[in-house]
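What follows is one structure encoded as structure tokens, with my remarks underneath.
Residue numbers start from 1 in every chain, and the chains themselves are labelled A, B, ... in the order their sequence lines are given, proteins ahead of strands. Small disclaimer: the values here were computed from a predicted structure and weren't measured.
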2 protein chains.
Amino acid sequence: MVRRITIQDIANIAGVSKSTVSRAMNDNPVISKTTRNQIQQIIKEYNYHPNSSAKSIKTKQTMVIGIIIPSFDNPFFAKILDVIQNKATNKQYQLMIATTHEKGELELNAIRQMINQPVDGLIVVSTGKINDYHQLLNNTPVVFIDRIANQRENHEFDTILVDNINGSFNVVNQMIENGAERIGIIANSLFKKKSNRLIGYQKALQKNNVELDPDIILYCSRNGRDAISLASQLLINQACDGIFATDSNILKSVLKQIEVHQMDNVQVGAFDDNPYLSLLNLNVIANQQPSNAMGSKAFELLMDQIHNPQHDVQHIKLKTSLKHYH
Amino acid sequence: MVRRITIQDIANIAGVSKSTVSRAMNDNPVISKTTRNQIQQIIKEYNYHPNSSAKSIKTKQTMVIGIIIPSFDNPFFAKILDVIQNKATNKQYQLMIATTHEKGELELNAIRQMINQPVDGLIVVSTGKINDYHQLLNNTPVVFIDRIANQRENHEFDTILVDNINGSFNVVNQMIENGAERIGIIANSLFKKKSNRLIGYQKALQKNNVELDPDIILYCSRNGRDAISLASQLLINQACDGIFATDSNILKSVLKQIEVHQMDNVQVGAFDDNPYLSLLNLNVIANQQPSNAMGSKAFELLMDQIHNPQHDVQHIKLKTSLKHYH
DNA sequence: TTGAAAGCGCTAACAA
DNA sequence: TTGTTAGCGCTTTCAA
């Protein structure tokens, strides 16, 4: 780090004390107009900008918030980042961002480093692999988005979720109404223990008196690379006339296989929208995620936690909406 | 910010001085094994983690690097972020990220705040609207990627570019070889002054003795919303049998129009790849950008600037590669 | 309206 | 091997 001009330098140049310079910068009313102007003149002239780190150890706030997401290449999270960034900029907050790639170790590490920074608060998409956030976070304000922290500690933290059960229900229900009779599902094994999207799928079948067939409920690996062969399996071996893809990664594989096998009449249901779907000429029912609301609400809750001492824990569930592509 | 346990607290508990605790943490060899173990025991027990801000004002390094990009929703930048994040994590660096949406004011603001933080270095995709980076950066290490800082100061800074001229040349040349006879281009007006992608286009026409027709060289607005009507214009009014889209946003509009007008035999050339292209059944020649190399090289250059005092300014140009979709 | 001085949490030179 | 001390760049009480 290059030696930079400090408040003391400015004080010397202006022939005043550090305190006075500090006052001139921080809208402190207890200072004469003339000295304030003089000092601000010098500050500009010498291109001086105070060191935020030094400031923060006194003021106990860094104006930085940390964000932990699985990855940058998911449009859903990209949108959320965008929303948060815009709101943060308005309030002079900076964003520190880290990705987990669904690895608990990376999440742990990222949160630790951010806490130590320290950041004023965190917005976290949990990997679901950390079981003591309470100790880890050490009272740092936090909002969990898209997934709960973990079952045990869920009640402790602000959380914003998507209504996955209803969202999935709506998609699959719609597919059935559109005539699909044998709908397979490919879900990510990451959520094998408790996939709400699977539950929604099951509910929709039940409601329509369609029997569950375990042979067409498939799980792909975390990274989704095997989703292609699973899609093939559903299309060819299992003769499905509909497939529900529980995330955009899986969706891509499914669409690819439909194309390869030229089965344009198969219905596809999906979580996550994607701008390219409109170019595809395929029959897709996409569940649009409320990314705007999620990012925006997350930031607001975090601000409230940071600035309002009597903030109550909130659990918010956001609705999705259907979009049809043909 | 909640009152957190400090080095002094640990010192008191352990019955030693702050210095000793500091030594125990920082692998300082001048300390006995027993006290080190004792102290580390206590540190763990009390879940103490040192405050990085406080540390950094002494050590003059924050272990944070700043990244400035146009937006999160561009897959090219998302990929670059991913690469940088991975390398940064390995070296214990944190990432502070801001987006500009191509607005000079936002870039200025973000860089200022990051410099003040301070960050140890910056990786910047310039909006092209700042004309005194030298003064702004104040000797902070920086690597410009994807675009130069500005003409005047270009020689001062490490820069990593994509070979846009050759890349575009290759795409358009290929389109001609594939039989296109009237190729229109839609470029972003953001780069109207000097678009290397346009230059590559022109070169390819020249080489193949195709005359330039200004009527089919069009510029869309910054956000690309009018690209759709421009695409229509090229397809219908100008009867183009090929369109070169200079970025992925424009590409989307072009593909959309081709679909709307059912002109599947029109050739499309594009900068930027997109995973969804393979699903499209359209004739697209995509220029794949070297995002991996760019992110990786950017981080390495930055590290060198930070740690190697005799670092020389470097200008790197990366090659693209063609990919065909039918 | 100003300055002196203490202190935020940490590191590092120096002394012991 | 350890502690004392000074100091990083800033804010904030307190006294003038």
Side-chain angles (χ1 to χ4, degrees), chain A residues 1-40 42-43 46-64 113 115-120 138 140, chain B residues 1-40 42-43 46-64 113 115-120 138 140:
Chain A
M1 217 156 82
V2 179
R3 204 278 185 194
R4 291 232 280 274
I5 187 168
T6 73
I7 193 173
Q8 184 65 69
D9 295 327
I10 298 295
N12 292 148
I13 295 166
V16 298
S17 73
K18 298 189 288 179
S19 337
T20 305
V21 177
S22 178
R23 289 189 190 102
M25 295 189 297
N26 297 321
D27 300 321
N28 190 321
V30 192
I31 186 176
S32 78
K33 274 237 175 303
T34 41
T35 43
R36 153 162 295 147
N37 289 339
Q38 252 177 269
I39 293 174
Q40 284 179 339
I42 294 176
I43 286 178
Y46 285 83
N47 193 26
Y48 165 70
H49 293 279
N51 180 315
S52 302
S53 291
K55 182 171 183 168
S56 76
I57 71 169
K58 278 299 285 186
T59 62
K60 307 287 181 201
Q61 57 168 347
T62 56
M63 299 304 283
V64 176
Q113 293 217 41
I115 299 275
N116 300 348
Q117 200 62 32
V119 295
D120 289 345
N138 201 206
T140 301
Chain B
M1 217 156 83
V2 180
R3 203 280 185 194
R4 290 234 280 273
I5 188 169
T6 72
I7 194 172
Q8 183 67 66
D9 296 326
I10 298 295
N12 292 149
I13 294 167
V16 298
S17 73
K18 297 190 287 177
S19 340
T20 306
V21 177
S22 177
R23 289 188 190 103
M25 294 189 296
N26 297 321
D27 300 321
N28 190 320
V30 193
I31 185 177
S32 78
K33 275 238 174 302
T34 40
T35 41
R36 152 162 295 146
N37 290 338
Q38 251 178 270
I39 293 174
Q40 284 181 338
I42 295 175
I43 286 179
Y46 285 82
N47 194 26
Y48 164 70
H49 293 278
N51 180 315
S52 302
S53 291
K55 182 171 184 168
S56 75
I57 70 170
K58 278 298 284 184
T59 61
K60 307 286 180 199
Q61 57 168 348
T62 56
M63 299 305 283
V64 176
Q113 293 217 42
I115 298 275
N116 299 347
Q117 200 64 33
V119 296
D120 289 344
N138 202 207
T140 301

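- Contacts of B/S52 with the nucleic acid, taken as non-hydrogen atoms under 4.0 Å apart, are absent.
- B/Q117 CD to B/T140 OG1: the interatomic distance, rounded to the nearest 0.5 Å, is 12.0 Å.
- No donor-acceptor distance shorter than 3.5 angstrom exists from the side chain of A/N26 to the backbone of A/N28, with no hydrogens or angles considered.
- Within 4.0 Å of A/T6, counting heavy atoms only, lie sugar-phosphate atoms of the nucleic acid but no base atom.
- As rounded to whole Å, 10 Å separates atom C1' of D/dG9 from atom CE of A/M25.
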So which protein N/O to nucleotides 14-16 of chain D N/O distances come out below 3.5 Å?
none

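- Atom NZ in B/K18 sits roughly 10 Å away from atom C1' in D/dT4 (whole-Å rounding).
- For the pair A/N51 and D/dC8, the criterion of a side-chain N or O lying under 4.0 Å from OP1 or OP2 is not met.
- Remark on DNA chain D: of its neighbouring residues B/K58 and B/V30, the 5'-side contact belongs to B/V30, judged by nearest-heavy-atom nucleotide.
- Distance check, rounded to the nearest 0.5 Å: CD1 of B/I10 to CD1 of B/I39 gives 9.0 Å.
- Judged purely by atom type and a 3.5 angstrom limit, A/N116 has no side-chain atom pairing as donor or acceptor with the backbone of A/P118.
- Sorted by first and then second residue, the salt bridge (charged side-chain N to carboxylate O under 4.0 Å, His left out) pairs involving residues 21-40 of chain A (not counting sequence neighbours) form an empty list.
- Within the 3.5 Å criterion, the main-chain N or O of A/M63 finds a donor-acceptor partner in the side chain of A/D120.
- Looking at the side chain of B/S17, the nearest of the listed nucleotides D/dT1, D/dC10, D/dT4 is D/dT4.
- Interface limits on DNA chain C: the 5'-most and 3'-most nucleotides within less than 4.0 Å of chain A heavy atoms are C/dT1 to C/dG9.
- Residue A/I7 contributes atom CD1, which lies 6 Å from atom P of D/dC10 at whole-angstrom precision.
- At least one donor-acceptor pair closer than 3.5 Å links the side chain of A/D9 to the backbone N or O of A/T6.
- Counting non-hydrogen atoms under 4.0 angstrom, A/S53 reaches nothing in the nucleic acid.
- Distances shorter than 4.0 Å separate none of the side-chain N or O atoms of B/S19 from OP1 or OP2 on D/dG3.
- D/dG7 atom C1' lies 9 Å from atom CD1 of B/I57, rounded to whole Å.
- A donor-acceptor contact closer than 3.5 angstrom is absent between the side chains of A/S56 and A/T59.
- Side chains of B/S22 and B/S19: no donor on one and acceptor on the other come within 3.5 Å.
- When the P atom of D/dG9 is taken as reference, atom CD of A/Q8 falls 10 Å away, rounded to whole Å.
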